[in-house]
Undergrad: 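Got a structure for you, written out below as structure tokens; questions coming shortly.
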Amino acid sequence: MDSNSSFNAEQLAAIETTAKHVLVLAGAGTGKTTTIVGRCNHLIRSGVPEREILLITFTRRAAHEIRSRIRGPEGKRSLVTASTFHSWAMRLIRNNPNVFKLESPSLIDRDDVITLLQRYRKTHASQNLPKARDLADFHSLLVNTRLPAEEAAKLAGIDEDKLSQYTEASKFYVDFKRSRNYIDYDDVLERVAEEIARPAIAKAIGKRFSHVMIDEMQDTNPLQYLIVDALAPHVNLFCVGDDAQSIYGFRGADFESIHAFTSRYPDAVVLKLQENFRSTQEILDVSNWLLERSPLEYDKELRAARGAGQKPILREFEDQWSQADYVAETIVTSFCTEQRWANNMVLVRSGYSARAVESEFLSRKIPHVLIGGQSLFGAKHVKDVMALLRIYANRWDELAWMRYLQLWKGIGEVTAERIFRQLALGAEDSVGRGRNTETPLLDMVRDAKASDSAGWTEPLLRCLTASSKPDELLGAVLDAMEKPMAKIYRNDHWDARRRDFTYIRQLAKKHRTVHAFVDEYSLNPVYEKQLEKKGETDLVKIITIHSAKGLEAQRCFVVDVARGTFPQPGLTEKEAEEERRVLYVALTRAADELHITRAERGWTASGSSKGDEAYFLDGLPLELVAYVTEPESDPDAGIEIRF
DNA sequence: GGGGGACACCTTTTT
DNA sequence: GGTGTCCCCC
């Protein structure tokens, strides 16, 4: 991989370019990651200090992947910074409180935001407000797109007469965060974007990082663009993207912006990677067909460097169980000859779709890993425990207090809020009176113990008096919470939940401060199923398509490609086209064997659909695939006589 | 004010 | 199978 002979001419041109700013348009499977890594190594060889290279990705997974492929000197860890926009920005904020005007803020995640907005909704119950989730999503869209509220509303399909409810909620939310020193994911970027607009700041950052590389440029949203724009005069940009793989529109990304790259950065060159090394031509034929059917212009026609192979298989099933059975059966059969589970990848549109497949794998004992589902830190019981750690890190983290207090029998929202207010007021008082304020909270909790029949004071005291080493603190907290949690979760898989804490403790060991650990759990959640599989490498991947971008496997199953499911009904054209790109990403993951399946009766080849919903495979020329119906759907087609 | 039961409506996708 | 929401009883 190090010698230039392993790159083709297109890749080499990108790797060795001397242009200040570069945009590489790289179709699926054209060696995008290889090129980024190659560019990185090339820069280092040409004398650019490793620490001057900043490599930005959109998912943690991609950051990790790239980091592992950049070699440091003599096998040492490379000094190249490879991280997501968010974790890079968060580190800047933490390390420069004066510049970013935030002193140890508490980072809150989406669940916290929703909890908070649920509370807001209750206090405005008469107004019949939109769901907390919708309020949160709208606010986030507003921040990420930088649009005026009216236009963002149009984008999100919000009625004009409802808009004031959304903007009022946003206002409440922003005020709440400011008064409590909270920041959310969007604030992390926004804070950096605002300060980096000052030339002195941008210049200082440019001094540290001379080369900024951005992966998946098409997913960059306007907020992130502000950061890139500010850096552009001071750094060399190397951006890689593919408009056909833009699948983060819901986060405010607009792939049209990469078309405007050269007008944005006049001294930029645009290079193309068009030769696909991953897939057989048959797989690309179906993928190309899908894109051609789009009303949008992608100017893309992938060519297979590898040549011909076998046609993709299109199958339909009665229900999701027979579909899952087919996937499992095919994999087991292949394992007999290949002796390798990891040749297989199952791609799902949503975590929900993964369930039937996973349960089939479990019953057949097929070693697998589920990626993109719920994060371990998203689990209720983990959040309960983390609430105590959050209080430790930031004594007046109201959301953490509310969560913790409401665990206890007899304490609901109202009582929890009362207790919190009393403590906060008491602390203020003792500051006002100039008392020794070292431990006012501790004293007050001790005082409260006398009247505490619910039991909340005891674990809290253990927590507040514990060691400041994350793993020791966590140990103390778990110790104190074990019994009460066993009771709370007695009918709710307590044994399975309890096991998770072992992993959390291992993770805590890696951090020096509680603050760092609490941050990490928001920005870098660890996925439960992945942790369990640590060490095992030969696994079938069940993965959401969004998480699978950049990955490949010899044999891929794209399941639940069904009318009314993928795409879901009722999407705007813009949204539906994004779904088309999602499917495109899925299809182009396959190297040799592609199985497209759907679990429903009645798929028709030539567009004479039964439902009114859009369906991407309508009109698919049957010669592009091997099409098989399940026996139940067409009894005659399935007759098999055994001898 | 808390809690349990019934109910609907799910599920996008990531930081 | 899971979770948010509403309603009614304690």
Undergrad: Under a 4.0 Å N-O cut-off, is there an ion pair linking A:Lys549 with A:Asp242?
TA: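 A:Asp242 and A:Lys549: not salt-bridged.
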Undergrad: What's the CD1-P distance between A:Ile114 and C:dG4, to the nearest Å?
TA: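 Roughly 8 Å, once rounded to whole Å.
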Undergrad: What integer distance in Å separates A:Ile247:CD1 from B:dT14:P?
TA: 9 Å
Undergrad: Both distances below 3.5 Å, Watson-Crick or wobble geometry, any strand: find the nucleotide opposite C:dG1.
TA: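 Check on C:dG1: unpaired, no WC or wobble geometry under 3.5 Å.
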Undergrad: Please pick, from B:dT14, C:dT5, B:dG1, the nucleotide with the shortest atom-to-atom distance to any side-chain atom of A:Phe250.
TA: B:dT14
Undergrad: Figure out the CD/P separation between A:Gln218 and B:dT14, and round it to whole Å.
TA: 16 Å
Undergrad: Taking the six-membered ring of A:Tyr248, is NZ or CZ of A:Arg251 closer than 6.0 Å to its centre and within 45° of its axis?
TA: yes
Undergrad: By nearest atom, which of the nucleotides B:dG1, B:dT15, B:dT13 is closest to the A:His546 side chain?
TA: B:dT13
Undergrad: Using the six-membered ring wherever Trp is involved, compare the ring planes of A:Tyr489 and A:His381 and label them parallel, tilted or perpendicular (cut-offs 30° and 60°).
TA: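 Plane angle over 60°, so perpendicular.
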Undergrad: When A:Tyr166 is tested against each of A:Phe138, A:Tyr173, A:Tyr120 for ring-ring contact (aromatic ring centres under 6.0 Å, His included), which residue passes?
TA: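 Considering A:Phe138, A:Tyr173, A:Tyr120, a ring-ring contact (aromatic ring centres under 6.0 Å, His included) with A:Tyr166 is found only for A:Phe138.
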Undergrad: Which of these nucleotides, B:dT14, B:dG2, B:dT15, is closest to any side-chain atom of A:Thr544?
TA: B:dT14
Undergrad: Starting at atom NZ of A:Lys549, determine the distance to atom C1' of B:dT15, rounded to an integer number of angstrom.
TA: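 Atom NZ in A:Lys549 sits about 14 Å away from atom C1' in B:dT15.
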Undergrad: Give a yes or no on whether a salt bridge exists between A:Asp325 and A:Arg364, defined as a side-chain N under 4.0 angstrom from a carboxylate O.
TA: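 Answer for the salt bridge query: yes.
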Undergrad: In whole angstrom, what separates A:Tyr185's OH from B:dT14's P?
TA: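 One finds 12 Å between P of B:dT14 and OH of A:Tyr185, rounded.
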Undergrad: With nearest nucleotides of DNA chain B determined for A:Glu575 and A:Ala416 from heavy-atom distances, which residue corresponds to the more 5′ nucleotide?
TA: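 Final value for this comparison: A:Ala416.
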Undergrad: Determine the contact category for A:Arg418: base if any of its heavy atoms lies under 4.0 Å from a base atom, sugar-phosphate if only primed atoms, P, OP1 or OP2 are that close, otherwise nothing.
TA: nothing
Undergrad: Assuming nearest nucleotide by heavy-atom distance, tell me which of A:Glu579 and A:Asp186 is located more 5' along DNA chain B.
TA: A:Glu579
Undergrad: What is the distance, to the nearest angstrom, from the CG atom on A:Asp219 to the C1' atom on B:dT14?
TA: 10 Å
Undergrad: With both distances kept under 3.5 Å, what pairs with B:dG1, Watson-Crick or G-U wobble?
TA: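 When the pairing criteria are applied, C:dC10 turns out to be the nucleotide that pairs with B:dG1.
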Undergrad: Ignoring backbone atoms, test whether A:Thr84 places a side-chain nitrogen or oxygen under 4.0 Å from the OP1 or OP2 oxygen of B:dT14.
TA: no
Undergrad: Out of A:Lys574, A:Arg581, A:Arg580, which one pairs with A:Glu577 under the side chain to side chain donor-acceptor pair (under 3.5 Å) rule?
TA: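 Only one option passes, and that is A:Arg580.
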Undergrad: What does A:Gln118 touch in the nucleic acid at a heavy-atom separation under 4.0 angstrom: a base, only the sugar-phosphate, or nothing?
TA: sugar-phosphate
Undergrad: Grab the CH2-C1' distance between A:Trp456 and B:dG2 for me, whole Å please.
TA: 18 Å
Undergrad: Counting the atoms with a prime plus P, OP1 and OP2 as sugar-phosphate, which does A:Phe85 contact under 4.0 Å by heavy atoms, base, sugar-phosphate, or nothing?
TA: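 No contact at all - A:Phe85 keeps every heavy atom at 4.0 Å or more from the nucleic acid.
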Undergrad: Taking the minimum atom-to-atom distance to the side chain of A:Arg121, which one of B:dG2, B:dT14, C:dT5 wins?
TA: C:dT5
Undergrad: Relative to each other, are the rings of A:Phe420 and A:Trp401 parallel, tilted or perpendicular (30° and 60° limits)?
TA: tilted
Undergrad: Could you check whether any side-chain heavy atom of A:Asp219 comes within less than 4.5 Å of a side-chain heavy atom of A:Phe255, counting everything from C-beta outward?
TA: no
Undergrad: Pick base, sugar-phosphate or nothing for A:Ile411, based on heavy-atom distances below 4.0 Å to the nucleic acid.
TA: sugar-phosphate
Undergrad: Can a side chain N or O of A:Arg133 be found less than 4.0 Å away from OP1 or OP2 on B:dC10?
TA: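 Indeed not, no polar side-chain atom of A:Arg133 lies that close.
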Undergrad: Below 3.5 Å between N/O atoms, which protein atoms pair up with nucleotides 4-9 of chain B? Just atom names and distances, please.
TA:
from  : atom 1 : to       : atom 2 : distance (Å)
B:dG4 : OP1    : A:Lys409 : NZ     : 3.3

